[in-house]
Amino acid sequence: MLDIRLIREQPDLVKSRLATRSPAHVETIDAILAIDIDRRAAETRLQTLQSDRNRLSKEIGKLRAQKLDSADLEAQVKKIAEEMDQASTEAESLSAKQREILLNLPNMPQADIPMGRDAADNPVVRTHGEKPVIANPKDHVVLAESLGLIDPDRATKISGSGFAVYIGQGARLERALLNFLIDTHTREHGYTEVSTPFVVRRECMVGTGQLPKFEEDMYGVDGGGLFLVPTAEVPVTNLHREEIVSAANFPIQYAAYTPCFRREAGSAGRETRGLIRMHQFDKVELVKICSPEQSNAELESLTANAERILQKLGLHYRVIVLCTGDMGFGSAKTYDIEVWAPGQNSYLEVSSCSNFEDYQARRMNLRFKGEDGKNRYCHTLNGSGTALARLYVALLENYQQPDGTVGIPEALQPYFGADKISK
RNA sequence: GGUGAGGUGGCUGAGUGGUCGAAAGCAGCGCUUUGCUAAAGCGCCGUAGUCCAAAAGGCUACCGAGGGUUCGAAUCCCUCCCUCACCGCCA
């Protein structure tokens, strides 16, 4: 959520930065400024009435204490109360309207984010490794089915399309990856492991920005009061919602595994083959909470931490920076890490690392005490470290052997318990 | 799920209709004094919104959340959430 004060005091700055996402935001800013003026006028009116009421009510108290007649004053206050009803209805409605617009307004991209319309405009920042030479690469679905790692038909039978059943070595590989990821981030990168509930309350979803705008993409349970987590970002970042955390602990760093549940409404037919786009997939998420001064440097280290996974697994990848038109709703800057998948003949996004600056912190009222003793909003960041299903795809497709087996990278062997997967 | 008790400022904890944003203590900050690693005295010390060009200052709201009663609510009533204790059930 953007700061209404910033919008009020520097509307042109906010407009120009939001316009890099979409020109339509300019009108929204004008609308919100108009509402802001009305809202403050209504609140001032209400406060004046409240002040009058309080003053008169105190006088009534004094008169009654002296056993004097207070009927006149009481009539006056009663009249004020009627006006107050109207004023407070107006103030509340304007305030709710303003909040609604603010909650649906995306974050401002940082000034140096490349301009662009969509994914085609995302510049490559760096690449690592080389594409392996594989003649007629098979895709992961063929590989996994022939090795008996997954059972798509039964997955569909029990849950419908977009769900996976892993079996035998296939399930073990998933679990091995999970432990490898968590161990790497906690032992080598200094993150604290955290295990959270997989369902969260509505206000958490608002806090990290999934709601109110993207409700149709989420799985609601319990009549809409609770939601299945679409990413561990939601429960983990919200651990400190409504808190004033100590800056002495900055950067706070958490690594968490959760399954991720996404309806993927509107993306039917896109990248739907195999394990690439699922309604449920496993992911290890990295979350950082820090000061505004630290957040850009922390984004670099968080991205490097996620990259380290692919390096250890010997996978070729590239890092891109998302252009203004392709950035996520709440982000001020995002790097995507894309791993090469020979069977797809394309790169697959396995991590998205974002600096949200104070956008989420303001929504969830997450603050720290500044050196001057004033409360300031924290900056929050998160990134996948990494998504499991797509990493799984990349492993199978990159390490497929001519004899039909799949090799296991050395770093993963202690976790998997073997150096290859064969029938 | 049942019964009972309770949710007040960073913490502990008073306060059952008006002078209460809220006693007191602890913690924190500042000053003074004595001095050996501490003590005493004094003062300050919640959050947010809003008014003013701004500062100073004013006003408003907030005692778990939301509604109601009343001229006036931390205090009375209703609903919900949460915590604790015991009972029941249970991986």
Side-chain angles (χ1 to χ4, degrees), chain A residues 1-11 32-103 195-207 211 220-227 235 238-250 252 259 358 361-378:
Chain A
M1 185 159 70
L2 299 183
D3 184 1
I4 184 62
R5 286 218 178 95
L6 179 71
I7 296 175
R8 194 151 69 214
E9 287 161 18
Q10 301 187 57
I32 211 169
L33 285 169
I35 288 170
D36 187 51
I37 288 169
D38 291 346
R39 188 205 103 229
R40 284 187 293 151
E43 284 183 7
T44 303
R45 215 174 309 132
L46 174 63
Q47 289 177 3
T48 306
L49 290 168
Q50 286 171 325
S51 180
D52 291 345
R53 179 202 60 184
N54 291 347
R55 186 170 37 80
L56 292 177
S57 288
K58 276 182 185 170
E59 283 177 34
I60 291 170
K62 281 181 198 157
L63 287 177
R64 288 208 178 176
Q66 297 168 38
K67 304 256 196 268
L68 295 171
D69 178 57
S70 59
D72 271 6
L73 290 180
E74 283 177 36
Q76 279 185 52
V77 176
K78 210 154 193 166
K79 203 176 153 212
I80 290 173
E82 283 166 23
E83 292 177 51
M84 274 175 52
D85 260 0
Q86 202 192 343
S88 81
T89 303
E90 193 184 345
E92 273 168 36
S93 126
L94 286 167
S95 169
K97 204 166 166 186
Q98 177 169 312
R99 182 174 166 77
E100 174 75 13
I101 296 177
L102 282 175
L103 285 177
S195 173
T196 69
F198 302 156
V199 291
V200 294
R201 317 173 85 134
R202 172 172 288 269
E203 52 264 39
C204 293
M205 300 286 277
V206 173
L211 296 184
V221 292
D222 198 28
L226 293 170
F227 292 84
N238 276 285
L239 286 174
H240 296 291
R241 64 176 292 109
E242 306 283 352
E243 287 185 19
I244 297 174
V245 296
S246 168
N249 302 328
F250 283 170
I252 297 172
D358 63 6
R362 183 170 267 111
R363 285 173 167 248
M364 66 176 74
N365 205 21
L366 165 57
R367 296 171 295 173
F368 71 101
K369 278 250 184 279
E371 285 174 16
D372 59 356
K374 294 274 184 212
N375 295 330
R376 302 176 66 196
Y377 287 107
C378 301

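In what follows, every chain begins at residue 1, and chains take the letters A, B, ... in the order their sequences are listed.
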Nearest atoms (heavy-atom pairs only) where Leu49(A) meets Ile80(A): O-CG2, 3.6 Å
Has the side chain of Asn375(A) got a donor or acceptor atom that lies under 3.5 Å from a matching backbone atom of Arg367(A)? no
Would one find more than 12 heavy atoms of other residues, nucleotides or ligands at under 6.0 Å from atom CG of Asn249(A)? yes
Could you check which of C71(B), G49(B), C81(B) has an atom nearest any side-chain atom of Glu43(A)? G49(B)
Please tell me if Ser70(A) has a side-chain N or O lying less than 4.0 Å from either OP1 or OP2 of C71(B). no
Please state the P separation for the pair G17(B) and U75(B) - nearest whole angstrom. 11 Å
Compare the minimum distances between each of G18(B), U60(B), C51(B) and the side chain of Arg40(A), then state the nucleotide with the smallest one. C51(B)
Same-atom distance (C1') from C71(B) to U12(B), integer angstrom: 37 Å
Quick one: label Ile60(A) by what it contacts on the DNA or RNA (base, sugar-phosphate, nothing), any heavy atom closer than 4.0 Å. base
If the cut-off is 4.0 Å, is Lys58(A) near the phosphate of U19(B), judged by side-chain N/O to OP1 or OP2? no
Strand partner of A40(B), provided both Watson-Crick or wobble distances fall under 3.5 Å: U32(B)
In this structure, how many angstroms lie between the P atom of C80(B) and the CG atom of Leu226(A), rounded? 17 Å
Expressed in whole Å, how much space separates the C1' atoms belonging to A24(B) and A14(B)? 7 Å
Does atom NZ of Lys78(A) have more than 12 heavy-atom neighbours, drawn from other residues, nucleotides or ligands, at distances under 6.0 Å? no
Between atom CG in Leu63(A) and atom C1' in U19(B), what is the gap in whole Å? 14 Å
Let me spell it out: for each of Asp52(A) and Val77(A), pick the nucleotide of RNA chain B with the closest heavy atom. Which residue's pick is nearer the 5' end? Asp52(A)
Span that lies between the C1' atom of C78(B) and that of C89(B), in whole angstrom: 31 Å
Base paired to G49(B) (Watson-Crick or G-U; both N/O distances under 3.5 angstrom): C59(B)
Toward the 5' end of RNA chain B, which comes first, Thr48(A) or Ser57(A), by nearest nucleotide? Ser57(A)
Please give the nucleotide sitting opposite G17(B) as a Watson-Crick or G-U wobble pair, both distances under 3.5 Å, or none. none
Heavy-atom donor-acceptor pair, Gln47(A) side-chain to G49(B) base, under 3.5 Å: yes
For atom CD of Gln98(A) and atom P of G49(B), their distance in whole Å: 11 Å
If you compare all heavy atoms of Ser95(A) against all heavy atoms of Glu43(A), which two are closest, and at what distance to 0.1 Å? CB-OE2, 4.4 Å
Suppose you measure atom C1' in G21(B) against the same atom in U8(B); what distance do you get, rounded to whole Å? 11 Å
Answer whether the closest heavy-atom distance between the side chains of Arg99(A) and Arg39(A) falls below 4.5 Å. no
The Watson-Crick or G-U wobble partner of A23(B), with both key distances under 3.5 Å, is none
How many whole angstroms separate atom CD of Glu242(A) from atom C1' of C82(B)? 14 Å
Does A85(B) have a Watson-Crick or wobble partner in any strand here, with both distances under 3.5 angstrom, and which is it? U3(B)
Considering every strand and a 4.0 Å limit on heavy-atom distances, what is the contact class for Arg53(A): base, sugar-phosphate, or nothing? sugar-phosphate
Please report the distance, rounded to the nearest Å, between CZ in Arg8(A) and P in A53(B). 14 Å
Partner nucleotide of U79(B) by Watson-Crick or wobble geometry (both distances under 3.5 Å): A65(B)
Selected nucleotide, minimal atom distance to Gln50(A) side chain, candidates C71(B), A61(B), U50(B): A61(B)
Looking across every strand, which nucleic acid part, if any, lies under 4.0 Å from Arg55(A) by heavy atom: base, sugar-phosphate, or nothing? nothing
Rounded to the Å, how far apart are Leu56(A) CG and U19(B) P? 15 Å
Quick one: does Glu203(A)'s side chain get under 4.5 Å of Glu242(A)'s, heavy atoms only? no
Whole angstroms only, please: what is the NZ-C1' distance between Lys369(A) and G10(B)? 9 Å
Asn375(A) side chain: which of G49(B), A48(B), U60(B) is closest? A48(B)
Is the phosphate of G72(B) approached by Asn54(A) (side-chain N or O, under 4.0 Å from OP1 or OP2)? no
A74(B) and U69(B): how far apart are their P atoms, nearest whole angstrom? 16 Å
Please work out if Arg39(A) contacts a base, only the sugar-phosphate, or nothing of the nucleic acid, heavy-atom cut-off 4.0 Å. sugar-phosphate
Does the Thr89(A) side chain pair with the main chain of Asp85(A), one donor and one acceptor, at a distance under 3.5 Å? yes
Which whole-number value in Å describes the distance from Glu203(A) CD to C82(B) P? 11 Å
Span that lies between the P atom of C31(B) and that of G58(B), in whole angstrom: 26 Å
With a 4.0 Å cutoff (strictly under), does any side-chain N or O of Arg5(A) reach OP1 or OP2 of G49(B)? yes
If A54(B) has a Watson-Crick or G-U wobble mate with both distances under 3.5 Å, name it; if not, just say none. none
